[in-house]
Structure formats: C-alpha cells, structure tokens
2 protein chains.
Amino acid sequence: MKQRPTIKDVAQAAGVSLGTASRALNRAGRVSEEAIAAVTKAARRLGYEPDAVAQSMRTRSTGVIGLLVSDFANPLYARIITSVEASMQAAGYTLLIANTHNDRKREKSLIDTFRGRRVDGLILGPCEIESAEFLERVDADLPVVAMDRDFSAAGTGVHVDHYHGALQATRYLLNLGHTEIALMTPGSILRPGRDRIAGFEDAFRERGLTPNPKLIRAEKSAMDYAFSEALGLLSAPQAPTAFMCLGTRILSGVLQALKHSGRSIPEDASVVSIGDTDLSQLFTPAITSLTWDFEAVGTALAQLLLKRLDRDHKPEPERIVLTTQMVLRESCASARLSKAKVLDAGRQKQAQKTDQKG
Amino acid sequence: MKQRPTIKDVAQAAGVSLGTASRALNRAGRVSEEAIAAVTKAARRLGYEPDAVAQSMRTRSTGVIGLLVSDFANPLYARIITSVEASMQAAGYTLLIANTHNDRKREKSLIDTFRGRRVDGLILGPCEIESAEFLERVDADLPVVAMDRDFSAAGTGVHVDHYHGALQATRYLLNLGHTEIALMTPGSILRPGRDRIAGFEDAFRERGLTPNPKLIRAEKSAMDYAFSEALGLLSAPQAPTAFMCLGTRILSGVLQALKHSGRSIPEDASVVSIGDTDLSQLFTPAITSLTWDFEAVGTALAQLLLKRLDRDHKPEPERIVLTTQMVLRESCASARLSKAKVLDAGRQKQAQKTDQKG
DNA sequence: CTGTTAGCGCTTTCAT
DNA sequence: ATGAAAGCGCTAACAG
C-alpha cells in the first residue's frame, strides 16, 4: 500500500522548498507565479490531498462543527439538521452529529469528546436538566449556539416560540368549545415542553378556566406509551374531547388509541399535531397542525454559529426567535356537535391553501 | 481565555516526565502505580482532556467513521444510521455524517474531505452511477463498507435482498388477481431500484405475463412528482389496480393521488409500501408493507467495518444479506371484486400480530 | 520503571 | 520571493 504524498513530496517534485510549496498551495504571502504553477502541477500529478489533521494541529481549527440532539432520526429534528448541514457545507464546514438520548451525562461526555476533537463550534439541542450556567461554561471555551434551550444573558441561540404557539392552538380548541383538552408533549423539564405547558395553561386562564392537570401527559416520547396514556384518558369519566400531540410518535399513539376505542376524528375527538410531519399531512382526516419552519431553524442556527466562528469578532450574544403557524386541516370540530358536520369548514378552505406550502 | 492544559502541564504538576505522563494516562507499557495515581490526580485537577487532533497526528487514527448517504433525514435511512451510530459509539468511534443527495461528484468530493480528515473507515450508501471499481479504489486506501451497493469480488458490505422482496410482493398482488400493477421506486440506476424492478418483472414472467413497462415509474423521490405520476397513471385507459411504492414520500404522493381521484383503498386500488414507516403503519387503512430490519442493517454495517478496522487483520471481503418480510395489513384486496369485501381477511388477522413487532 | 528525544504533516515566523 | 527552522500536542522508540 503506497503512502499518501505529503507536501514534502510535492515540494520536492516541484523543485521548491517545503515552505514555498505550502504558500503556493494556500496562496498565502509572497509567492511567484512560477512557483504556484510548478507546485500546483506537481500536487495534481501526485494526487496530493492536504492532511486536514496536520493542518488542524497547526491552525487549531478543524473545520468541523459538532451537533448534539436527543435523536437525529426524529422527523422534527431531521429536517432541521439537514438544513444546518447544507448551510455549514456551503461555508466549508463538516458536521459531526451525535445523539444524546436526552441524557445529561451522555451530553456532557459527548461535548468533551467533541472538544477533544477540537471542533470549531457546537450546536446543542434541548437536553435533560438544562442549566444556562453549564452552557455558558462551555461557551467560554468554544462557540456554542443553543436551540430551544434556556440560556443566560450571555447565551446565543435560536428559539421557537412554543409558548405563543401553544397559546394560539389552545385558544383555537377552546373557541371550538373544548374544555377537556389533553396536552401530550414530552419533557416537561425541557424548554419546549415547559413553554407549551405554560401557553396551554394561560389560554385557559385567560377565560377564567383551569386546565385539568390530569390531562397534561406523556413525559415519555414513545408510541406505546402515548397509546396507553391516551387510552387511559379516553376511558376515564371526563374523557378529553381534544388532543394536542407532539411529533410523530406521540401523535401515532394517540391516533391508534382513538381508532382502537372506536372514536372518529373530528366527530368524537379533535386532534392538533404539534410539529407538522408526513403523518399529520397524509392522515385521513388530515391533521390540523401547530408548526414552524424547520429549515429556517437550521439556517438560523448555522448563521448564528458562523458569525461567532471568526475568532477576532467579539462574540456578542444574539438570539433569533421564530414564530409558529397554525395549519388548519380537517381534524378539529366543535365540541358541542358530536357526530355533526364540521363547523369550521370555511376556515378549512383557507387551510387547503396554506397546506400547499407546507 | 486560559489555554487548555496539555499533557506537559499534567506531567509537570505530577512531577514526572512527559513520557511517563503519557504512559500513565494510556496505561501503556511499564508504569508504576504511584505514577499512575499522581498523573491521574493531576490530570483531573487541571481538567486535562487529551487533544484528539494531536493524538491522531501521531497514531494515524482518528476514531472517526464517515457515513455517506443520499439523505440522512429519509426515514428509511434515519433508523439505520441511528443503529450504526449506537454500535460505533459503543466501540469508541464517532460518526461523521453527510448527505450526497445522490450526486456522484458530491460523493467523490465528500470522500476526499473525509479522507483528508483521516477518518478510520467509511460507510457508503447507494449513490448515482455506482461502480464497483470506484469502491475498490477507495477501499485500497481506507476500509469501506458498502450498503445496498454493487461491489466487486473484493468488496465488503450489507445487502437487503430487494430482488426477492419485490418478487414476493409482486406475487402477492398477482395472486390477488392484479395485473396492472404500478411499481414506483426511485433510482433505477441504483442497486435497490434495479433489484426491485428485476424481481417485479420476474414475478410476471413466472406466470408467462409481461409487466406493462409504462407502470414502472418514479425516477425521482419526491411527493409532488409521485402525486402527478400516479394521477397520470390513474387517468389512463388501463389504470393500475395496485401500487407498490417506496418509502414515505412516494407513498404519500400516491395516497394523495388516490384520495384526489376519489378512489378508496383497498376497494378501488391495492397499495403495498416498500419500507415500513410511521405513515404506512398509521394510515387508515393500514398499509401492507414489504420491509426489512433497519436496525439489523445498521449493526451489520458497523460490525463489518469494525472487523476491518484493525490494521493487521487481513481484510477478507465479506457480505451480509438481509431478507425482507411482508407485513400484511388492510390495504390489499382482490382485483376482481371492486367495492367488495376484503378477501384476505384471514391473512390480515395474522398480520395484526406481525404488526405488533414492527 | 522512567526520562529524553524524534518525529507525525503542516503553517508560519525569521532570515536571507 | 524563498529557504530554513521552530513547533502545534502527542506517542513510541530508545536509553538508562
């Protein structure tokens, strides 16, 4: 197995010194056109490919960005990550992706691993027991951009306004006459979960109501769990007439529970999906969704990090808050009219159009 | 900003030499217990974290594995990648993931990038215009494991037996009396697509039939495209009575086209999903699927690569072929009985059980 | 068992 | 404009 050529080989082949070869290859400093030509030619002839590890050793910069998220296969994250990757690739960076599985220890160990690999920056998604202080400590060392996470005054990141989103979605269901609304979002300790619960509760409070605390459920994000939770709620005396469910897995469980208990949507129960996915778009009836722009989250994260990546630029903390949108479809109806015709037909017409863009 | 401590600082703090500190930290060679204790303590006190870049520089090994796939957000890949990542993490490796978008040039450039970053190994998914020769050339330099790709006698990789899967699924539909079956799988130039088409055609040939070539469609994997393709087929004189569709996006498009044209499943058209996803499981009616074990693909890839990672071990080519399974659900019925009761009710009972495991 | 030393491949001064 | 040389942080070979 032949060794890969080094810059030394290139210099030798081009008949110049090592330093000149380096300058020629990087077009840095003073180099003659002849030298550039000779070196470039030699490099191409030998199939020279710079050793990024050795470059990093000197420059202290790897061109790698670490991204940590609970589960990158989660459709709610997958599209964001794709968008981050595209932006980063365009800027010449490579993405190192890992799953924390929402485990604080795992996150910490992965951050250390990434730090050891001398990544140039870090993008962190929500994780168990977050502390702004922790983030700040990491950031002192290494540019960090947080996504949907708490951060102190010094923190930089992107937030989706889950609070107002939940507020809006809950109002929508309250307007339809629902009061027994189940909120199924995992991670009440995570920033997005907490915000949703707050918005949900405030929507009730606005009208002098108090949400039934038993209807705020689903700590875990698993289909089986959501299925049995929903089934339990549906068999209770005050069964919910509406569900707000996060993502694909919980929505799946709830839809199955509804099907299993012989209830039809929207006649017997209204459903709002939090985070629009293939499932909510394609299900029959199509599921009304509270959603946000995944691609925009990704580009915002990338943009923020890129800005903090040049060492000299003072790292002023910066935040981007993205708003949510309701996509009205066919899964919600008035609570009063069981088995009756869908009331918000007018709105749904409008929703069809919005749908096209999603 | 204070500098990160180096091993030199640790050695100094522990009162030993640089070499001893290194040996103590790595428990390599002869070191006294005292030295280990002192160095470990000093390292912890200083918060020493080895510089993986410098380590790689010496050892020529980065502990990083590159993974290239057309789109990691594709549900069909996402679970496989998660599984690969878990296995690799357990073995102490980190995954570098990138999208090729099925572009040969992009793949080549990414392989070079990865090679420059001196990844220890590569996992490659299907990509445009594959050549076994190309793979072999890469492999000469760097351990490569291919997934669902062509490879020469020297190649190592994991294959899903898409040929026999498609054969089985097509037979199933032919047995139900369908002859106008549309096969919608992208990438006829990619290994999985080619194999499916071959299996599909052979199932027809077995019974002396010839498949309608116009019904083999969908080069692109996009929902809009699948939607209009399916709509076109449905409005033709010889409209298909059954569809076999790959993945989420194409299935989505076909389901929408069916809905749009007022056809119901399975009375007016039977549907088989290739690759089981949330959508096929949750759709009403639940979609009969031809699928395979995504997690097993991931662990097989990881296992194969891990075995080829130790330099001394002779890299004997090795392949793992995984079989597909049919998961019978509610989306297929006899072609003869339009608007009639579902014929394969017996099989569906059985399918319910199989379904639990999915 | 431990200290010293030579590089890994590259960039970047510092002379010339 | 170019060559020589230092050194990034670490491991491994070599003396002791």
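Numbered from 1 within each chain, the chains take letters A, B, ... in sequence-line order. A quick note: this is a predicted structure, and the numbers were derived from the prediction, not measured. FYI, side chains are in, hydrogens and waters are out, and symmetry mates aren't considered; it's all heavy atoms of this structure.
- For the helix from C:dC1-D:dG16 to C:dT16-D:dA1, the angle separating the two terminal helix axes comes to 50°, with each axis derived from five pairs and the value rounded to 10°.
- Taking A:Phe114 as the reference, nothing meets the ring pair (Phe, Tyr, Trp, His ring centres under 6.0 Å) condition, with sequence neighbours excluded.
- Listed by chain and number, the residues in a side chain to side chain donor-acceptor pair (under 3.5 Å) with B:Asn102 amount to none (sequence neighbours excluded).
- Residues passing the side chain to side chain donor-acceptor pair (under 3.5 Å) test with B:Ser17 are B:Thr20, sequence neighbours excluded.
- For the pair A:Glu33 CD and D:dA1 P, the computed distance is 10 Å after rounding to whole Å.
- Taking the salt bridge (charged side-chain N to carboxylate O under 4.0 Å, His left out) definition, one finds that B:Asp71 meets it with nothing, sequence neighbours left out.
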Side-chain polar contacts of residues 38-53 of chain A - donor-acceptor pairs under 3.5 angstrom, sequence neighbours left out - could you list them?
{"residue": "A:Thr40", "atom": "OG1", "partner": "A:Ile36", "partner atom": "O", "Å": "2.5"}
{"residue": "A:Asp51", "atom": "OD1", "partner": "A:Val53", "partner atom": "N", "Å": "2.8"}
{"residue": "A:Asp51", "atom": "OD1", "partner": "A:Ala54", "partner atom": "N", "Å": "3.2"}
{"residue": "A:Asp51", "atom": "OD2", "partner": "B:Arg60", "partner atom": "NH2", "Å": "3.4"}
{"residue": "A:Asp51", "atom": "OD2", "partner": "B:Arg118", "partner atom": "NE", "Å": "2.5"}
{"residue": "A:Asp51", "atom": "OD2", "partner": "B:Arg118", "partner atom": "NH2", "Å": "2.9"}

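- Taking the side chain to side chain donor-acceptor pair (under 3.5 Å) definition, one finds that A:Glu295 meets it with A:Arg79, sequence neighbours left out.
- Along DNA chain C, read 5' to 3', the first and last nucleotides having any atom under 4.0 Å from a heavy atom of chain A are C:dG9 to C:dT13.
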#### Entry: Step-by-step side-chain contact (heavy atoms from CB on, under 4.5 Å) determination, B:Trp292 to B:Val160
CA-CA 8 Å; B:Trp292 52 95; B:Val160 172; 3.7 Å; yes

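- Taking A:Gln12 as the reference, nothing meets the side chain to side chain donor-acceptor pair (under 3.5 Å) condition, with sequence neighbours excluded.
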### Summary
Whether each nucleotide of nucleotides 5-12 of chain D has a protein heavy atom under 4.0 Å at its base (B), only at its sugar-phosphate (S) or at neither (-) is summarised, 5' to 3', as -BBBBBBB

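- Applying the salt bridge (charged side-chain N to carboxylate O under 4.0 Å, His left out) criterion to B:Arg106, with sequence neighbours excluded, gives no partner residue.
- Applying the ring pair (Phe, Tyr, Trp, His ring centres under 6.0 Å) criterion to B:Phe72, with sequence neighbours excluded, gives no partner residue.
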